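In what follows, a single structure is set out as structure tokens and then discussed.
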Amino acid sequence: MQFDPKRLAQARHVVVFSGAGVSAQSGIPTFRDALTGLWEHFDPARLATVQAFREDPALVWGWYEWRRQKVLQAQPNPAHLALAELARRVPRLTLITQNVDDLHERAGSPSVLHLHGSLHTPKCFACNRPFKGQLPLPDLPEQGASLEPPRCTGCNGKIRPGVVWFGEPLPQATLKAAFNAAEECDLLLSVGTSGLVQPAARIPQLALQHGACVVHINPQPQACTGAEEYSLKGKAGQLLPELLRQAFA
Ligand code: OAD
């Protein structure tokens, strides 16, 4: 059975669950794609854990500043723009992202739930207070370049990226809001995610269990278990604008 795009126009509450694939066509690398994924080239244990930051804060800070630099130089792509447009077309839309960039916001999506934090909200490693200073536009020629983190103006602790590292809990209020939305929605679009990282990966499952229709948008075909689960094979930057065009024609 094919997914009927008109169902998007009929939905009362749409949840969008986005992953790195949504930003891929903006030039931001994903994590697990063969050859181009970040975790193909970098060891998460050395860069994305509390232990890694304790051992080599400059290496970790430099890597995240390199990623922030790439995001600052990138622009939202047609997938981000279509999702912002969709929010204006349906009665209610909740956008849940695993992405740590701000491309959904820059495309015009309001109130994005960032499950894995953000590259743009650094905080103190010691006292957890948000960093008050101005972060300069990084100028990092190399992706492995070390950079000393700035210091907290409150306690002089080292500043760390505001992202969730492996082994850390997700922001609880954000996770609760995301689970609630998944349970309440009638249609969930899961876009550009491998669905391998918990607890975020439970979100489409929760929606299915609560009777919603779930549509996966991904160049890799996704396994569908229920009658109300569909896999649309292709790039988000092409498929989402087309889906909207057909839904609201
Ligand atoms: P992954 O890198 O695991 O998966 C990216 C998915 O996007 C894959 O399924 C690709 O097939 C798909 N994809 C690639 N290009 C696409 C395109 N143009 N349009 C649509 N889909 C495309 O990224 P995530 O699922 O986001 O965690 O990874 C989840 C989490 O793992 C991340 O948030 C990050 C990482 O470790 C943290 O940083 C805490």
Side-chain angles (χ1 to χ4, degrees), residues 16-53 60 63-68 70-71 74-83 95-104 107 112-123 160-172 174-175 178 188-205 214-224 230-244:
V16 176
F17 175 55
S18 75
V22 170
S23 296
Q25 287 168 276
S26 295
I28 309 293
T30 63
F31 294 94
R32 295 176 183 80
D33 276 291
L35 303 179
T36 56
L38 284 174
W39 296 151
E40 291 276 320
H41 302 280
F42 299 100
D43 178 2
R46 286 187 60 227
L47 293 164
T49 63
V50 166
Q51 184 66 17
F53 190 79
V60 173
W63 190 69
Y64 280 95
E65 280 296 271
W66 167 70
R67 287 181 57 197
R68 191 171 70 89
K70 280 190 85 68
V71 168
Q75 295 301 325
N77 69 54
H80 298 107
L81 295 170
L83 292 172
L95 177 43
I96 306 165
T97 190
Q98 299 164 90
N99 296 346
V100 294
D101 63 49
D102 61 351
L103 294 175
H104 282 307
V112 182
L113 296 175
H114 278 274
L115 283 181
H116 292 163
S118 164
L119 289 169
H120 309 283
T121 56
K123 59 186 181 181
R160 59 160 283 179
V163 302
V164 177
W165 283 329
F166 288 101
E168 289 191 303
L170 271 56
Q172 286 308 296
T174 308
L175 185 62
L188 182 142
L189 295 177
S190 175
V191 193
T193 177
S194 58
L196 292 173
V197 175
Q198 295 292 357
R202 276 186 59 202
I203 287 168
Q205 288 309 317
V214 170
V215 183
H216 302 274
I217 295 180
N218 200 305
Q220 304 296 331
Q222 305 293 296
C224 295
Y230 301 88
S231 169
L232 305 184
K233 191 167 162 284
K235 293 184 175 180
Q238 270 85 51
L239 284 190
L240 278 170
E242 182 56 24
L243 203 56
L244 257 74

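In this text, all values refer to a predicted model and were calculated from it rather than measured experimentally. Order of listing sets the numbers, starting from 1, for every ligand and every atom in it.
- A heavy-atom separation below 4.0 Å is found between Trp39 and ligand 1.
- Note: Trp165 and Tyr64 have tilted aromatic rings, judged against thresholds of 30 and 60 degrees for the angle between ring planes.
- For the pair Glu168 and Arg160, the salt-bridge criterion is met [side-chain N within less than 4.0 Å of a carboxylate O].
- For ligand 1 and Gln25, the ligand atoms under 4.0 Å from any heavy atom of the residue are 18 (N).
- For atom 33 (O) of ligand 1, the closest non-hydrogen atom on the protein side is His116 ND1, 2.7 Å.
- The atoms of ligand 1 that sit less than 4.0 Å from any heavy atom of Thr193 are 6 (C), 7 (O), 9 (O), 24 (P), 25 (O).
- Residue Lys123 places its NZ atom among more than 12 non-hydrogen atoms of other residues, nucleotides or ligands, all under 6.0 Å distant.
- Looking at heavy atoms from C-beta onward, Arg68 lies out of side-chain contact with Asp101 at the 4.5 angstrom threshold.
- Applying the 4.0 Å criterion to heavy atoms of Val164 picks out, from ligand 1, the atoms 39 (C).
- For ligand 1, the atoms lying closer than 4.0 Å to a non-hydrogen atom of Gln98 are 29 (C), 33 (O).
- The atoms of ligand 1 that sit less than 4.0 Å from any heavy atom of Gln220 are 11 (O).
- Evaluation of the side-chain hydrogen bond (donor to acceptor under 3.5 Å, both in side chains) rule for Gln205 yields no partner, not counting sequence neighbours.
- Atom numbering of ligand 1 starts at 1 in the shown order; those under 4.0 Å from a heavy atom of Gly19 are 26 (O).
- Numbered from 1 in the order shown, with element, the atoms of ligand 1 that lie under 4.0 Å from a heavy atom of Ala24 read 15 (N).
- Close contacts of ligand 1 with Phe166, meaning ligand atoms under 4.0 Å from a residue heavy atom, involve 36 (O).
- In this model, a donor atom of one side chain and an acceptor atom of the other lie less than 3.5 Å apart for Thr193 and Gln98.
- Atom 22 (C) of ligand 1 has Pro219 CD, 3.2 Å as its closest protein atom, hydrogens excluded (heavy atom only).
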